[in-house]
Amino acid sequence: MTPSRRALLTGAGASLIAAPLAAQDRNALPLALNGAWRQGGYALGRTTPRALIFVDGEALTTASAAGLFVIGFDRDAASSVQIEARADDRSARRTLDIAPYAFPSTSVNGLPPSTVEPSDPALLARIQREIALKTEGFASRIDADDFKSGFIWPLESYRVSSAWGAQRILNGTPARPHYGIDLAAPQGSVIRAPADGRIAFVRPNMHFEGGLTLIDHGQGLITCYLHQSRLDVEQGQRVRRGDPLGRVGMTGRATGPHLCWRMKWRDRNLDPSLMVGAFAPQTLA
Ligand SMILES: [Zn+2]
């Protein structure tokens, strides 16, 4: 080794590790990410087909046959998240900064007490049964990437009557944050699938949700449609973007006709409106 080369290697600076970096590059997987990197948002990724995806060091999902995957950031997401794709002995890692969001606080009054603080044993038993049913629906995991071409709004016209993530004060008592975006629309307005998917759950007359439908879009991404007055799909049915799902109503815990639209990635709640118009990375460049 020449003296000048040795001087470089023992001095300070990032250029020193040129050789190890080059070796690492040969083993690096391609990884492209886009999305809404904020609390309640998500990343859409493309990497090697079937790569294992780690989030903050935990293996959470496997990329689709086309190499696509979703990562959701919930309402209380930390300020950064590390995403890593691994396949064979190759890997790629990115750290994303997650922007905080100041969620509003809203009061809803005049709700029937039984929907806010149920105490009747028969009602509590019914709620438990419905939770078990919903849990089965949310456990749906189709091997698909039906989110890849983006989402449309599920209603042609609407007014946002309650924002996603709002801290709710129900009849004067602080409750869980609102994990939906409420879209007020006339009773009977047609609700359309915002993206392709498979119906994972459909049931009328849920105590809280009323007429409820869940769509599995693949990669652990599930959207929910609450308070429907009519349900027009069946469990297991494939839907395409734009297909009618049902009609706007005010069944369950609702004070007026609206669609409460929700989105989950695995056990995390996301703001579905942030997904409207987004596309998964089309290339790995
Ligand atoms: Zn809602």
Side-chain angles (χ1 to χ4, degrees), residues 36 39-42 72-76 101-118 127 130-131 133-135 137-138 151-195 200-215 217 221-231 245-265 267-276:
Q39 290 178 329
Y42 60 90
F73 313 125
D74 59 25
R75 186 181 183 275
D76 304 314
Y101 189 80
F103 296 101
S105 182
T106 60
S107 292
V108 183
N109 294 307
L111 292 167
S114 68
T115 64
V116 178
E117 276 185 88
I127 290 168
E130 292 181 352
I131 287 173
L133 289 168
K134 273 187 295 179
T135 301
F138 280 118
F151 282 66
I152 57 172
W153 289 95
L155 296 175
E156 200 170 307
S157 67
Y158 56 85
R159 175 180 61 85
V160 175
S161 56
S162 179
W164 188 91
Q167 174 62 57
R168 291 202 131 176
I169 318 287
L170 302 181
N171 291 356
T173 305
R176 286 181 87 212
H178 181 226
Y179 287 121
I181 179 170
D182 286 348
L183 308 176
Q187 174 92 10
S189 301
V190 176
I191 302 166
R192 297 188 183 278
F201 182 90
V202 57
R203 196 176 173 91
N205 301 320
M206 302 281 285
H207 177 68
F208 291 113
E209 298 89 352
L212 172 66
T213 305
L214 306 184
I215 307 179
H217 302 284
L221 192 70
I222 291 178
T223 52
C224 321
Y225 306 82
L226 285 70
H227 310 307
Q228 296 175 78
S229 59
R230 205 178 89 186
L231 303 166
L245 297 176
R247 301 293 180 104
V248 168
M250 51 180 294
T251 55
R253 189 170 75 188
T255 53
H258 74 283
L259 170 64
C260 181
W261 186 25
R262 300 180 174 214
M263 176 178 276
K264 286 188 88 146
W265 178 73
D267 58 350
R268 300 180 182 180
N269 296 288
L270 314 183
D271 179 348
S273 69
L274 297 176
M275 195 73 77
V276 174

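Remember, it's a predicted structure, so these values are computed and weren't measured experimentally. For ligands, and for the atoms within them, numbers begin at 1 and follow the listed sequence.
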Heavy-atom donor-acceptor pair, Y179 side chain to K264 backbone, under 3.5 Å: no

Y101 OH: over 12 foreign heavy atoms closer than 6.0 Å: no

Pairing of K134 and E209 as salt bridge, 4.0 angstrom limit: yes

Aromatic contact, W265 with Y42 (centres under 6.0 Å): no

Listed protein N/O/S atoms, distance to the Zn ion (ligand 1) under 2.8 Å: H178 NE2, D182 OD1, C260 SG

F103/W164 aromatic ring centres below 6.0 Å: yes

For T251, side-chain contact (heavy atoms from CB on, under 4.5 Å) partners two or more places apart: H227

